[in-house]
Protein chains: 2
Amino acid sequence: MQFATLDPSAGYTTIINTYEVEPGRADALLNLLARATAETIRFLPGFVSASFHVNFDRTQIVNYAQWTNREAIAAARVNAAVAAQINEAAKIAKSFNPIPYELRHTVLADRV
Amino acid sequence: MQFATLDPSAGYTTIINTYEVEPGRADALLNLLARATAETIRFLPGFVSASFHVNFDRTQIVNYAQWTNREAIAAARVNAAVAAQINEAAKIAKSFNPIPYELRHTVLADRV
């Protein structure tokens with residue numbers, strides 16, 4: 001098995017997308033996002049990884065996604081299949097807010 | 001060099017801490033957080049990694065931090081040196097909002 005790695009020297013763009021959700025719908029949203037990523041998004045040019053998180057009161061789902069650059073993200077958003085999946089997610093979530101970031105620096109534990 | 005890795009099976013707690021900042025102070029905040037982590041936090045029990053991001057308009061700094069569990073995070077927050085560093089960061093940032101998450105699932109690109 002391979003893991004997503006956070007490498008500041010890679011020059012990727014990280015999109016952190018925070019979805020607000022009713023706690024009872026958190027699993028449904030997680031499943032939808034994971035399936036859409038596995039079936040469609042992971043094959044798109046420039047996609048690197050997506051990692052799905054839930055907070056402890058189950059009111060937020062966060063997708064920490066890496067892409068090679070912002071142009072690849074813009075192209076993905078106008079892909080018809082992806083646009084349909086965004087619409088599906090928007091029906092389950094109360095809101096979502098994707099913000100692009102640059103990874104600047106990582107510090108690891110002393111013992112790692 | 002080693003990188004932070006995102007492993008859903010590790011059972012870590014991820015803290016995503018979003019700092020709102022004046023664009024002109026983004027680098028000062030990044031430097032403060034990186035230094036505090038390198039000098040103090042990385043030696044604390046349960047700390048795994050911290051990765052610092054900046055958005056493209058430089059109004060947000062995000063620390064994506066992994067800890068072995070929530071108890072380790074609670075213990076870190078009452079450490080005197082950490083508390084002092086949090087106070088320093090609070091003077092530079094307009095606000096900050098640490099939220100703990102569980103990493104549930106990762107999808108990698110088809111070509112990885």
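Order of the sequence lines sets the chain letters (A, B, ...), proteins ahead of strands, with each chain counted from 1. Note that this is a predicted model, so its numbers are computed, not measured.
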Atom OH of Tyr101(B): over 12 foreign heavy atoms under 6.0 Å: yes
In one Ile/Leu/Val/Met/Phe/Trp/Tyr side-chain cluster, 4.5 Å: Tyr19(A), Ile99(B): no
Taking every non-hydrogen atom, the tightest pair across Ala34(B) and Val107(A): O-CG2, 4.2 Å
Part of Arg58(A) within contact of chain B (heavy atom distance under 4.5 Å): side chain
Contacting region of Leu103(A) [heavy-atom separation from chain B under 4.5 Å]: both
Ile16(B) portion near chain A, given a 4.5 angstrom heavy-atom threshold: side chain
Structural part of Asn31(A) lying under 4.5 Å from a heavy atom of chain B: neither
ILVMFWY network linking Ile86(A) to Val62(A), side-chain heavy atoms under 4.5 angstrom: no
Linked, directly or transitively: Phe52(B) and Trp67(B) (ILVMFWY side chains, under 4.5 Å): yes
Closest contact, heavy atoms only, Phe56(A) versus Glu102(B): CE1-N, 4.2 Å
Transitive ILVMFWY side-chain link Ile73(A) to Phe47(A), under 4.5 Å: yes
Rounded distance [0.5 Å steps], OG in Ser9(B) versus CZ in Phe3(A): 5.0 Å
Point-to-point distance, once rounded to the nearest 0.5 Å, from CG of Asp7(B) to OG1 of Thr5(A): 12.5 Å
ILVMFWY network linking Leu6(B) to Ile15(A), side-chain heavy atoms under 4.5 angstrom: no
Interatomic spacing from CD1 in Ile41(B) to CG in Asp110(A) - rounded to 0.5 Å: 13.5 Å
Reported CG-to-CZ distance for the pair Leu30(B) and Arg104(A), which is rounded to 0.5 angstrom: 5.0 Å
Region of Thr14(A) that comes under 4.5 Å of a non-hydrogen atom in chain B: side chain
Closest approach of Ala4(B) to Leu108(A) (non-hydrogen atoms, all atoms of both residues): N-CD2, 3.8 Å
Over 12 non-hydrogen atoms of neighbours within 6.0 angstrom of CD in Glu20(A): yes
Closest-packed option against chain A by number of heavy-atom pairs under 4.5 Å, given Thr37(B), Leu33(B), Thr18(B): Thr37(B)
Parallel, tilted or perpendicular: rings of Tyr64(B) and His53(A) (30°, 60°): perpendicular
Largest heavy-atom contact set with chain A, pairs under 4.5 Å, which of Asn63(B), Thr13(B), Val54(B): Val54(B)
